[in-house]
Novice: 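One structure is given below, represented as structure tokens, and several questions about it will come after.
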There are 2 protein chains.
Amino acid sequence: MRLEKMMNNTPVTLKFLAEKLKMSVSTVSKALNNYPTINEYTKQRVQEMARDLHFTPNKSAINLKEKRSRIIGIILPNLLDHFFTRSIYGVEQFATQNGYNVIISQSHDDLEKEIQSANMLLRSRVDGLIVAISKHTQDFAHLDQFENMGIPVVYYTRNPSFNLSCHKVLGNTFQGCYQATKFLIDRGHQKIAYLGGPKMINFTHDRFNGYINALKDNQVPFSSELVAYTDFDKENTISAIKNLFANPENMPTALVAFKEPILFDAIKYLRSINHPNFGEIECIGFGNTSFISYLDSPPIASIEENPESVGENAIKLLIQLINKEIDIQNYQKIMVDCKLVVHG
Amino acid sequence: MRLEKMMNNTPVTLKFLAEKLKMSVSTVSKALNNYPTINEYTKQRVQEMARDLHFTPNKSAINLKEKRSRIIGIILPNLLDHFFTRSIYGVEQFATQNGYNVIISQSHDDLEKEIQSANMLLRSRVDGLIVAISKHTQDFAHLDQFENMGIPVVYYTRNPSFNLSCHKVLGNTFQGCYQATKFLIDRGHQKIAYLGGPKMINFTHDRFNGYINALKDNQVPFSSELVAYTDFDKENTISAIKNLFANPENMPTALVAFKEPILFDAIKYLRSINHPNFGEIECIGFGNTSFISYLDSPPIASIEENPESVGENAIKLLIQLINKEIDIQNYQKIMVDCKLVVHG
DNA sequence: ACAATTATTTCAAACGTTTGAAATGAGTTT
DNA sequence: AAACTCATTTCAAACGTTTGAAATAATTGT
């Protein structure tokens, strides 16, 4: 009988179960949902039949009826950056514990694709959205739509710097950079170079401020010669490094870098030119990449951004917003501390 | 007026548009779907109003009516392995081009989680499923459900070795390993060690066969001393390497490894013990990790598995199955060639 | 002016659930 | 035996769409 059903591909619905059991659809529904008004024996019969016939409730129908999907949407630039994949882990963990499923969508740092993803998730009537915006997102109409429909949005990591009226969960990148700089100072460094990231990214400045403040608080003189900026392009990184190490009078003995891949390019270059002090230069970057253990001249430490924790904070906030435990207009800003991991 | 609507949070539906426009719901629906029987002017009015009021069709309702979701499910072990994230890229690309959206779900190599993911996707009535099974998947009931409901499933990369009756898309790991071994032979190596992966993984043997056949075809003598197996545990890799390099009479000059992270552990170990021939040993592993450029003693080449292409082949096959261009029972097996990438 | 044609709009049912209200049935009480 | 409980089941409407058939309106030909 099961086979028949499957052969002609009529899906098993409540109605089908009801006919088989000669009872009404509502009894079947209530039995499966364990309503107290349904007789125990009836429940048993229904549940057994449902199991035997592999009844699978149709989520579309339920969503339609319940006016919610129990789906959380995530939009992020890409899945190749371990920061994001690790953050997803934190989101998923807590989401599934709370009965939510997660749809992940990549923007590939393309605004058009981000808009498409947003529209798709809106049509799917996600109950909430977690988003790390693309590099090029200036206009937020496609994301504002959600709030306009009462669907809460939490921005994480990459977020609209100027626009204060939104929920944010961010790595405390100031604190991370401060800590790293302080660590190097404590190890006796007085000439600490800072290699910053793209100036458009909003936390570039926070990181720089962490560096500056650590110097100041520890009476280490600041020199603008020791600061340079790059992006993720190798050539630019090399020319930035050339500048930093240009003045023999003011030669850095340590380096704090915006992100590990950039740092690796820098280290590689310094070694390739056989820089005289290469062995003594101590480096730290944001990231804590697992590959560090394979490097011959590894950074002395990493600034671990705790992406899982960032993700977890984002989903926790989002669920509170969904449950209206926090008013959607009561905009929150959560900072997640970084941790300095010293490599051994 | 829009604001009112949004304030009391009544979502904009076809019915709402119809009332505003004083026409029937079906006219509105047909106008939005550009039915030829609807008057041009009416279409304009409807579309304008829909735009102004930010009408967003409810996908659940559409899915329910159309009995399909235009969603493809993907289940894979995790997102930290770049093989998988790169393969997703291939899937997404082609899927969105064909009007499908993608839901990604991680099993974390846990059977229980894989079952949950499968059930979730089944309830969501995905139109098709692409899956790389977990390490521990022996029983396939949770995946067979899909085919029983007429939903096609394509297994990719990790797949049930014994069970022939399923659709598969695989990297041609035999060819990849053959090519790598041949490359080393052509460079004059006669003592090529082979470091294999976990024996449970089904393509471990294919790779070994690639190695063996390349030796045979080129009249290089095979020695079982030159073969060892490990898993992803560093300790086991080191003891495997110790065995491979134990006999001074039979010292390898080259090494083919199952996967790059394993190879990196091996290289690291060999250097750490200051192996006398370290500089001459040429290594190749599966993967083509982007970090290779930062290593001091990088592999001479990588076996690029073309994950994007594997993903693309999987989704193409799946869509053909969904469209019934290929019969669901007509099980396909597609092999995607690897490419040897020589590092420069 | 009237039928015949064509263009356009509306009706109504369906998709698979959920759920409060109404109906039924079986005991209990008087 | 009528009235009242209480447990259990069923009814019926609703969620937001789509779509073939039926209805209506507009246009044409005679």
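The chains referred to below are lettered A, B, ... by the order of the sequence lines, with proteins before strands, and numbering in each begins at 1.
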Novice: What pairs meet the salt bridge (Lys or Arg N to Asp or Glu O under 4.0 Å) rule with one or both residues in residues 91-109 of chain A, with sequence neighbours excluded?
Specialist: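 Output for this query lists A:Asp109-A:Lys135, A:Asp109-A:Arg158.
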Novice: Compare all side-chain heavy atoms of A:Lys316 with those of A:Ile334 and state whether any distance is below 4.5 angstrom.
Specialist: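 Not touching, per the 4.5 Å side-chain cut-off.
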Novice: Taking only side-chain N and O atoms of B:Lys67, does any of them lie within less than 4.0 angstrom of OP1 or OP2 on C:dG16?
Specialist: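 Looking at the OP1 and OP2 atoms of C:dG16, one of them is under 4.0 Å from a side-chain N or O of B:Lys67.
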Novice: Under 3.5 Å, sequence neighbours excluded: what are the donor-acceptor pairs made by side chains of residues 28-35 of chain A?
Specialist:
{"residue": "A:Asn33", "atom": "ND2", "partner": "A:Ser29", "partner atom": "O", "Å": "3.0"}
{"residue": "A:Asn34", "atom": "OD1", "partner": "A:Lys43", "partner atom": "NZ", "Å": "3.1"}

Novice: In whole angstrom, what separates B:Leu14's CG from D:dT19's P?
Specialist: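 One finds 12 Å between P of D:dT19 and CG of B:Leu14, rounded.
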Novice: Could you check whether any side-chain heavy atom of B:His82 comes within less than 4.5 Å of a side-chain heavy atom of A:His82, counting everything from C-beta outward?
Specialist: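 With C-beta onward as the side chain, the pair touches.
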Novice: Among side-chain atoms of B:Thr137 and B:Glu114, is any donor-acceptor pair under 3.5 angstrom?
Specialist: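 On atom types as modelled, these side chains qualify, holding a pair under 3.5 Å.
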Novice: Mind checking B:Asn33 for me? I need base, sugar-phosphate or nothing, with any heavy atom below 4.0 Å counting as a touch.
Specialist: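 The residue B:Asn33 makes sugar-phosphate contact but no base contact.
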Novice: Please report, rounded to the nearest Å, how far the C1' atom of C:dG16 is from the CD atom of A:Glu19.
Specialist: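 It is 13 Å, rounded to the nearest whole Å.
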Novice: Kindly indicate, with the supporting measurements, whether the criterion side chain to side chain contact (heavy atoms under 4.5 Å, CB included) is fulfilled by A:Tyr156 and A:Asn313.
Specialist: CA-CA 9 Å; A:Tyr156 84 125; A:Asn313 276 281; over 6 Å; no
Novice: Please step through side chain to side chain contact (heavy atoms under 4.5 Å, CB included) for the pair A:Ile88 and B:Ile104, ending with a clear verdict.
Specialist: CA-CA 11 Å; A:Ile88 289 174; B:Ile104 304 157; over 6 Å; no
Novice: Measure CG/A:Asn63 against P/D:dT17 and give the value in whole Å, please.
Specialist: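 Atom CG in A:Asn63 sits about 14 Å away from atom P in D:dT17.
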Novice: Listed by chain and number, what are the side-chain hydrogen bond (donor to acceptor under 3.5 Å, both in side chains) partners of B:Ser26, not counting sequence neighbours?
Specialist: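 For B:Ser26 the side-chain hydrogen bond (donor to acceptor under 3.5 Å, both in side chains) partners, ignoring immediate neighbours, are B:Ser24.
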Novice: Test of understanding: with side-chain hydrogen bond (donor to acceptor under 3.5 Å, both in side chains), list the residues that count as partners of A:Ser124, not counting sequence neighbours.
Specialist: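 side-chain hydrogen bond (donor to acceptor under 3.5 Å, both in side chains) list for A:Ser124, sorted by chain: empty.
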Novice: Nearest whole angstrom, please: distance from the P of C:dT8 to the CG of B:Leu21.
Specialist: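 After rounding, the gap between these two atoms is 17 Å.
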Novice: Angle between the end axes of the helix from C:dA1-D:dT30 to C:dT30-D:dA1, five pairs per end, to the nearest 10 degrees?
Specialist: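 Answer for the end axes of this duplex: 70°.
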Novice: Just to be sure I understand the rule, does A:Phe55 reach a base, reach only the sugar-phosphate, or reach nothing, if contact means heavy atoms closer than 4.0 Å?
Specialist: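 Sugar-phosphate: the residue A:Phe55, judged by heavy atoms under 4.0 Å, touches backbone atoms but no base.
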Novice: Just the rounded figure in Å: distance from P of D:dT18 to CZ of B:Arg70.
Specialist: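 Interatomic distance, CZ of B:Arg70 to P of D:dT18: 13 Å.
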Novice: Measure the distance from CG on B:Asn58 to C1' on D:dA14 and round it to the nearest whole Å.
Specialist: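 Going from CG in B:Asn58 over to C1' in D:dA14 covers 14 Å.
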Novice: Roughly, in whole Å, what's the span from OH in A:Tyr35 to P in C:dA21?
Specialist: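 Rounded to whole Å, this separation is 12 Å.
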Novice: Is the phosphate of D:dT18 approached by B:Ser29 (side-chain N or O, under 4.0 Å from OP1 or OP2)?
Specialist: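 Yes, because at least one side-chain N or O of B:Ser29 sits under 4.0 Å from OP1 or OP2 of D:dT18.
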Novice: Walk along nucleotides 8-13 of chain D from 5' to 3' and tag each nucleotide B, S or - by protein heavy-atom contact under 4.0 Å, base first, then sugar-phosphate.
Specialist: BBBB--
Novice: Whole Å only: how far is the CZ atom of A:Arg123 from the C1' atom of D:dG16?
Specialist: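 Distance check: A:Arg123 CZ to D:dG16 C1' gives 15 Å.
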